[in-house]
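Side chains included, hydrogens not; waters and symmetry mates left out as well; all remaining heavy atoms used. Residues take their numbers from the sequence shown, with the count starting at 1.
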Amino acid sequence: MIPLNRRASQTRGGMEYFDARRKPHNVGKVIAALVLTTLCIFILKQSPGFGGSSVFSRHEPGVTHVLVTGGAGYIGSHASLRLLKDNYRVTIVVNKIFAENAFDAVMHFAAVAYVGESTLEPLRYYHNITSNTLLILEAMASHGVKTLIYSSTCATYGEPEKMPIVETTRQLPINPYGKAKKMAEDIILDFTKGRKDMAVMILRYFNVIGSDPEGRLGEAPRPELREHGRISGACFDAALGIIPGLKVKGTDYPTTDGTCIRDYIDVTDLVDAHVKALNKAEPSKVGIYNVGTGRGRSVKEFVDACKKATGVNIKIEYLSRRPGDYAEVYSDPTKINTELNWTAQYTDLKESLSVAWRWQKSHPRGYGSN
């Protein structure tokens, strides 16, 4: 189990290497925003200064050093902020850092994560998700890091016949994103079988929304991904006038109003689940948990909540289904409620969107100059 008595939080950032197509200067802007908005963060920019004298390069009693892959991304940045608040030592993933640091745990968020895009660029998804997870495991094995919190997805289940989804529901993913995550899970589980000292938590979460309640962080996808991005981002773009309206893809699903049903989980609740998983991780044990509210909401319900949150009468265009989508997915969170003492707290859809909307209004260009 991870030690709970920790010293003042510390973090370090560096070059994100998991997505070769992401431009380094864009990552720098995101990391810079994280630094500027977190009072207790500092960055070590030059690798020569690391060495043996750095507090990051050695284990210390009572101090938990967490490597956060994807720490400059939407979910990873929120997780980094929470870890710092809880006095963990944090490093946002950089290239070839395992040899320069003494990590106690890895939170692996880094991945491309758009269902629609995965159907257009499947090889990129298998490389980015599955292959890079393999690299992380190899590095952990080489350097004796024995705790892994893995960011997975409900997309590994595909389209189950029975709702709600429990952890034992058969995994039959129907798009490359879900398939790549399922492959990564299988690799992790096989790796763990041969290493009885490993502590692993796999969190399969549902549709993430919201942003930091204090307004320090938000979601800012790259412009070229807006077409494939989360519905909340498209809704906000429409409210800001960046796009002419919101495109709802699919109105003939076998649901009450014909649109997809999803389980929308606030990013603050999601991060809380990761921290609880880290604290409960134990050697020789693998925990697999669904992270959701347990309640499904239709896309039409979501759009109505977004209109209320933004105060804008957003124009809606109804289109045919998006490739790789499924009709209805929502969780049964009983296991995580019971074993990790975790329950979603931010379940008011309109309120979560209102919090995210405040950040979007003040950052219309994301982490760039506004």
Side-chain angles (χ1 to χ4, degrees), residues 13-28 30-31 67-77 79 91-99 103 106-143 145 148-158 171-192 194 198 200-205 208 219-230 233 288 322-326:
M15 183 179 294
E16 176 74 73
Y17 72 94
F18 282 86
D19 188 348
R21 294 182 15 164
R22 175 179 284 182
K23 296 181 179 179
H25 72 272
N26 288 337
V27 175
V30 179
I31 295 175
L67 170 65
V68 181
T69 74
Y74 171 41
I75 299 171
S77 62
T91 292
I92 296 171
V93 71
V94 295
N95 195 16
K96 298 180 181 178
I97 56 172
F98 277 89
F103 294 117
V106 173
M107 279 192 180
H108 184 18
F109 294 98
V112 285
Y114 296 97
V115 168
E117 186 189 43
S118 78
T119 65
L120 300 174
E121 299 185 61
L123 295 183
R124 177 174 176 239
Y125 272 66
Y126 291 121
H127 175 78
N128 182 277
I129 295 171
T130 311
S131 297
N132 282 330
T133 298
L134 180 59
L135 293 175
I136 286 289
L137 292 174
E138 289 174 339
M140 290 178 67
S142 296
H143 297 279
V145 183
L148 173 66
I149 313 300
Y150 182 62
S151 168
S152 193
T153 171
C154 65
T156 64
Y157 294 113
Q171 291 175 287
L172 295 170
I174 63 173
N175 53 63
Y177 171 60
K179 292 176 182 178
K181 283 286 189 178
K182 170 66 165 59
M183 289 179 187
E185 283 193 18
D186 290 341
I187 292 170
I188 292 169
L189 294 175
D190 286 343
F191 171 71
T192 305
M198 285 293 296
V200 173
M201 294 289 206
I202 295 174
L203 303 184
R204 298 173 183 157
Y205 40 87
V208 187
E219 182 180 13
R222 303 195 306 279
E224 65 269 23
L225 291 179
R226 289 185 182 276
E227 180 69 20
H228 305 290
R230 295 178 178 85
I288 299 176
R322 182 176 64 175
D325 258 342
Y326 25 81

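- Between the side chain of S152 and the backbone N or O of I202, no donor-acceptor pair lies under 3.5 Å.
- Atom CZ in F109 sits 7.0 Å away from atom CD1 in I75 (nearest 0.5 Å).
- With S142 contributing its side chain and A139 its backbone, the two residues share no donor-acceptor pair below 3.5 Å.
- Taking both residues in full, the closest heavy atoms of A111 and I129 are given as CB-CG1, 3.8 Å, listed atom of the first, atom of the second, then distance.
- Listed for the T153 side chain is no donor-acceptor partner under 3.5 Å among the backbone atoms of R204.
- When all heavy atoms of T133 and A184 are compared, the pair lying nearest together is OG1-CB, 3.8 Å.
- Under the side-chain contact (heavy atoms from CB on, under 4.5 Å) criterion, M140 pairs with F98, V106, I136, L137, V145, L148, M198, sequence neighbours left out.
- Within the 3.5 Å criterion, the main-chain N or O of Y74 finds a donor-acceptor partner in the side chain of S77.
- Residues Y126 and M183 meet the side-chain proximity criterion, which asks for heavy atoms closer than 4.5 Å.
- Closest approach of Y125 to A113, counting heavy atoms only: OH-N, 3.7 Å.
- Residues V200 and Y150 fail the side-chain proximity criterion, which asks for heavy atoms closer than 4.5 Å.
- Evaluation of the side chain to side chain donor-acceptor pair (under 3.5 Å) rule for S151 yields Y205 as partners, not counting sequence neighbours.
- Side-chain atoms of N128 come within 3.5 Å of backbone atoms of V112 as a donor-acceptor pair (strictly under, hydrogens ignored).
- With sequence neighbours left out, the salt bridge (Lys or Arg N to Asp or Glu O under 4.0 Å) criterion links K182 to D186.
- Nearest approach of P176 to S118, heavy atoms of both residues: CG-O, 3.2 Å.
- Here the shortest heavy-atom pairing between A155 and P173 reads O-CB, 3.5 Å.
- To the nearest 0.5 Å, the span separating NZ on K179 from OG1 on T156 amounts to 13.0 Å.
- At a cut-off of 3.5 Å, with distance as the only test, no side-chain donor of Y177 or E117 sits close to an acceptor on the other residue.
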